[in-house]
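See below for the structure under consideration.
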Amino acid sequence: MNKPSITVFAALITLAFLGVTGSSHAQAAALSTEKQDPNRFNRLLPPKDKRTPPVAEDGIHDPKGAGVKVLQEPREAFGVLIKGKGGNYVDWVKSLDKKKIKPLYDLDDPELVPMTVDMNIVREVKGTMPDVVFPHEQHTQWLECANCHPAIFIPQKGANPMSMVDIMLGNKCGVCHGTVAFPVTECRRCHSKAKPMKARQKVSAKSTRK
Amino acid sequence: MYKSALIGLLSMLAAMVLPQAAHAEYGDVVMNNYSDAAGMRPVVFPHWYHRIRFRCKVCHADLGFKFKAGGNKITMAKIIDGQFCGACHNGEISWSVENCGMCHSGISGTPTHIDGSTVQRLVAPTYKKLGN
């Protein structure tokens, strides 16, 4: 992207987020029955007990439909799983490792186990953020090679240009992270490898120089 | 260049931590290519419920579901022929298609999308103003 298009983009995003806050304030006011302290902590964050809403109040299920009375409440199912920090607020990697869930790998053969590959790909990151480690192990637990190769990633280290903006727009890692797998807000799970000390100093020296 | 990219990135992050209008469980897909027009409630597909029971590979490789909300152009004719949802919702692996309300459980007028996604949270979801 060139400079003007990025600036336009930033402006659009800012507008979009004004839209989001505007509508959610109205909605929050409509939802809350008791009066809230205007000077409370975490004025802008949704309260924890609103994170996994009941099916009938989640905004996409019709409370008048026949389904809502029968569908399972996610909170009930998640109660026995290992908690996570974002998305479903379930750590799906640990829940699978600890056998809290036993998802089938094949419809015809319930005994079939995934062919996992233990291969980490380290992606060096521009700036001060820790480097990204992509683990094949955890991915091949859930997915097949052809889910990613070659449509999303050419299977060759470094052959796929990626950036954080791209990921947030739903491309590359963002096809799944930000839709179904843990969301981009969990920076540390991807940015997990500290940079060598030298490189870090070099970067911070560069960024303070005008 | 790098600086303006960073400003863009930061404002995106800011938009994400800010409160969102009440949204459904992360990963819920609303499918409404045909439902509204046919007078049915749109379909809500819960990823969380299915991934407790099946790996992604079962649906996204073996059954051929593309990674795109609404992108599979699912119809009832395909389902009763054993494709897509019909590979399991056939009265054997899971309950059968006569339970219309289980799948067609969405609020009419909700467009096809995946709920709670980064992209949806970054760009103001206009449909929230329509339905509820």
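The analysis underlying the following values was restricted to heavy atoms, covering all of them including side chains, and did not include hydrogens, waters or symmetry mates. Here the structure is a predicted model, which is why all the values come from computation and not from measurement.
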Answer with side chain, backbone, both or neither: which region of [X] has an atom nearer than 4.5 Å to a non-hydrogen atom of chain B?
{"X": "A:Lys64", "result": "both"}
{"X": "A:Ala77", "result": "side chain"}
{"X": "A:Val175", "result": "side chain"}
{"X": "A:Pro54", "result": "neither"}
{"X": "A:Phe78", "result": "side chain"}
{"X": "A:Ile167", "result": "neither"}

| What's the verdict on side-chain contact (heavy atoms from CB on, under 4.5 Å) for B:Arg51 and A:Ile101, showing C-alpha distance, side-chain angles and the deciding distance? | CA-CA 9 Å; B:Arg51 74 177 295 186; A:Ile101 55 172; 6.0 Å; no
Closest approach of [X] to [Y] (non-hydrogen atoms, all atoms of both residues):
{"X": "A:Trp92", "Y": "B:Trp48", "answer": "CH2-O, 3.9 Å"}
{"X": "B:Cys56", "Y": "A:Leu143", "answer": "CB-CD2, 3.6 Å"}
{"X": "B:Ile107", "Y": "A:Gly59", "answer": "CD1-O, 3.4 Å"}
{"X": "A:Asp62", "Y": "B:Gly106", "answer": "CB-O, 3.4 Å"}

| request: Would you indicate whether the side-chain heavy atoms of A:Pro103 and B:Arg53 approach each other to under 4.5 Å? | output: no
| field | Heavy-atom pair count under 4.5 Å with chain A, highest-scoring of B:Glu25, B:His60, B:Met102 | value | B:Glu25
Other residues, nucleotides, ligands: >12 heavy atoms within 6.0 Å of [X] [atom1]:
{"X": "A:Glu124", "atom1": "CD", "answer": "no"}
{"X": "B:Lys78", "atom1": "NZ", "answer": "yes"}
{"X": "A:Arg40", "atom1": "CZ", "answer": "yes"}

| task | Determine yes or no for a side-chain-to-main-chain donor-acceptor pair under 3.5 angstrom, with B:Tyr26 supplying the side chain and A:Thr52 the backbone. | result | no
| task | For B:Lys57 and A:Glu144, indicate whether the former's side chain and the latter's backbone hold a donor-acceptor pair under 3.5 Å. | result | no
| Step-by-step side-chain contact (heavy atoms from CB on, under 4.5 Å) determination, A:Leu169 to B:Thr118 | CA-CA 7 Å; A:Leu169 291 175; B:Thr118 315; over 6 Å; no
How many angstroms lie between atom [atom1] of [X] and atom [atom2] of [Y], to the nearest 0.5 angstrom?
{"X": "B:Ile52", "Y": "A:Gln72", "atom1": "CD1", "atom2": "CD", "answer": "6.5 Å"}
{"X": "B:Asp62", "Y": "A:Asp108", "atom1": "CG", "atom2": "CG", "answer": "8.0 Å"}
{"X": "A:Leu107", "Y": "B:Phe54", "atom1": "CG", "atom2": "CZ", "answer": "6.0 Å"}
{"X": "A:Thr179", "Y": "B:His47", "atom1": "OG1", "atom2": "NE2", "answer": "7.5 Å"}

Looking at [options], which one has more heavy-atom pairs under 4.5 Å with chain B than the rest?
{"options": "A:Lys100, A:Lys102, A:His177, A:Gln141", "result": "A:Gln141"}
{"options": "A:Gly65, A:Gly67, A:Pro74", "result": "A:Pro74"}
{"options": "A:Gly170, A:Ala181, A:Pro53", "result": "A:Ala181"}
{"options": "A:Ala146, A:Ala151, A:Pro114, A:Pro63", "result": "A:Pro114"}

| request: Please assess B:Arg55 against A:Asp106 for the test salt bridge (Lys or Arg N to Asp or Glu O under 4.0 Å), listing each intermediate value before the final yes or no. | output: CA-CA 8 Å; B:Arg55 317 251 175 169; A:Asp106 196 274; over 6 Å; no
| said: Using heavy-atom distances under 4.5 Å, tell me whether B:Cys88 contacts chain A through its side chain, its backbone, both, or neither. | reply: side chain
